[in-house]
Amino acid sequence: QQFQPEATPLAGIRLMLTAGPTREPLDPVRFISNHSSGKMGFALARAAVALGAEVTLVSGPVSLATPDGVQRIDVESAAQMHAAVMAGIDRQQIFIACAAVADYRPKLVASQKIKKSSDTMVIELTKNPDIVADVAALPNKPFTVGFAAETRDVEKYARDKLSRKGLDMIAANDVAKAGQGFNADDNALTLFWPEGQIELPLAGKTELARSLITLIADKYHETH
Ligand code: CTP
Ligand code: CA
């Protein structure tokens, strides 16, 4: 029997991913964050390595082991994630934004623990930079793929993000559906690009990541 090497459509391709949540500090002991587990991003990193890519994973705080062969950069806040991505993006041919970046951060970060006082409390927030939009706006932009977590009108919002952020593809999931999306082991996605779309039915995140990376690799090669 002949040895069949695994297909390596991403051999020699440098691919950067963001994954996990971000933490936006309020004071030395508190932060604002979300329920992202990082599972989808880490599964995508593993799938990209399997297809031969040189993978850099910029990760928010998650409790997941670093996949073999992946260069991992740990960050906490959206500002740190933005800086880490921008520092390495020049060398990348593909960028996939899988992180659940906090849209806002506390405007003021107290240097000491905030003490309990009145019965109500207001925290003023300010907008974080949009990492994937900033990458897609670079003059030498890599092939850029975003995610969209939506609870309604999935296609409308996903296509709006695709064009508004200047992305090449966007993977949308309906987080209102039970058992998929944030912190779940299974997920279902619809992948949109300007001229088309494809459904990726409910599957384990490992299997889904393999399908998604294969489709991204196909589209990347079609356009480069
Ligand atoms: N994203 C990013 N930086 C941000 C916010 C989002 O890179 N500050 C990326 C996410 O990683 C994802 C895509 O943008 O790939 C879409 O994220 P999403 O939260 O769905 O979109 P938003 O533009 O933040 O819009 P909204 O939360 O209002 O739906
Ligand atoms: Ca958001």
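Counting starts at 1 for both ligands and their atoms, in listed order.
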Legend entry - Nearest-option assignment for atom 5 (C) of ligand 1, heavy atoms, candidates V101, T151, I131: V101
Legend entry - Inter-residue atom distance L10.CG - H221.NE2, 0.5 Å rounding: 5.5 Å
Legend entry - Protein heavy atom at shortest distance from atom 24 (O) of ligand 1: D103 OD1, 3.0 Å
Legend entry - Proximal candidate to atom 10 (C) of ligand 1 [heavy atom criterion; set A100, A99, A102]: A99
Inset, instruction - For the residue pair L44 and C98, establish whether any side-chain heavy-atom pair is separated by less than 4.5 Å. - result: yes
Inset, instruction - For K165 and ligand 1, answer yes if some heavy atom of the residue is under 4.0 Å from a ligand atom, otherwise no. - result: yes
Inset, instruction - Using distance alone, with no hydrogens and no angle criterion, decide if T190 and E199 have a side-chain donor and acceptor under 3.5 Å apart. - result: yes
Inset, instruction - Give the numbers and elements of all ligand 1 atoms closer than 4.0 Å to a heavy atom of A97. - result: 11 (O), 12 (C), 15 (O)
Inset, instruction - Would you mind reporting whether T214 and L51 have side-chain heavy atoms less than 4.5 Å apart? - result: yes
Legend entry - Residue that, paired with F95, satisfies side chain to side chain contact (heavy atoms under 4.5 Å, CB included) out of I131, L17, L15, L138: I131
Inset, instruction - Would you check whether D130 reaches within less than 4.0 Å of ligand 1, judged by its heavy atoms? - result: yes
Inset, instruction - Heavy-atom contacts with A148 under 4.0 Å: which atoms of ligand 1 show up? List them by number with element. - result: 20 (O)
Inset, instruction - Provide the number and element of each atom of ligand 1 under 4.0 Å from a heavy atom of G146. - result: 15 (O)
Legend entry - Distance-only polar pair, side chains of R72 and T66, donor-acceptor under 3.5 Å: yes
Inset, instruction - Measure A149 to ligand 1 on non-hydrogen atoms and call it side chain, backbone, both or neither using the 4.0 Å cut-off. - result: backbone
Legend entry - pair P106-E124: side-chain heavy atoms closer than 4.5 Å: no
Legend entry - Common cluster, I216/V70, ILVMFWY with side-chain heavy-atom separation under 4.5 Å: yes
Legend entry - K161 contact mode with ligand 1 (heavy-atom cut-off under 4.0 Å): side chain
Inset, instruction - Quick one: look up the protein heavy atom nearest atom 9 (C) of ligand 1 and list residue, atom name and how far away it is. - result: V132 CG1, 3.6 Å
Inset, instruction - May I ask you to identify the nearest protein heavy atom to atom 12 (C) of ligand 1, giving residue, atom name and distance to one decimal place in Å? - result: F147 O, 3.0 Å
Inset, instruction - Check if P129 has a non-hydrogen atom at a distance under 4.0 Å from any atom of ligand 1. - result: yes
Legend entry - Row check, F31 ring normal vs R23 NZ/CZ: under 6.0 Å, within 45°: yes
Legend entry - Proximity of I170 to ligand 1 by residue part, where a heavy atom lies under 4.0 Å: neither
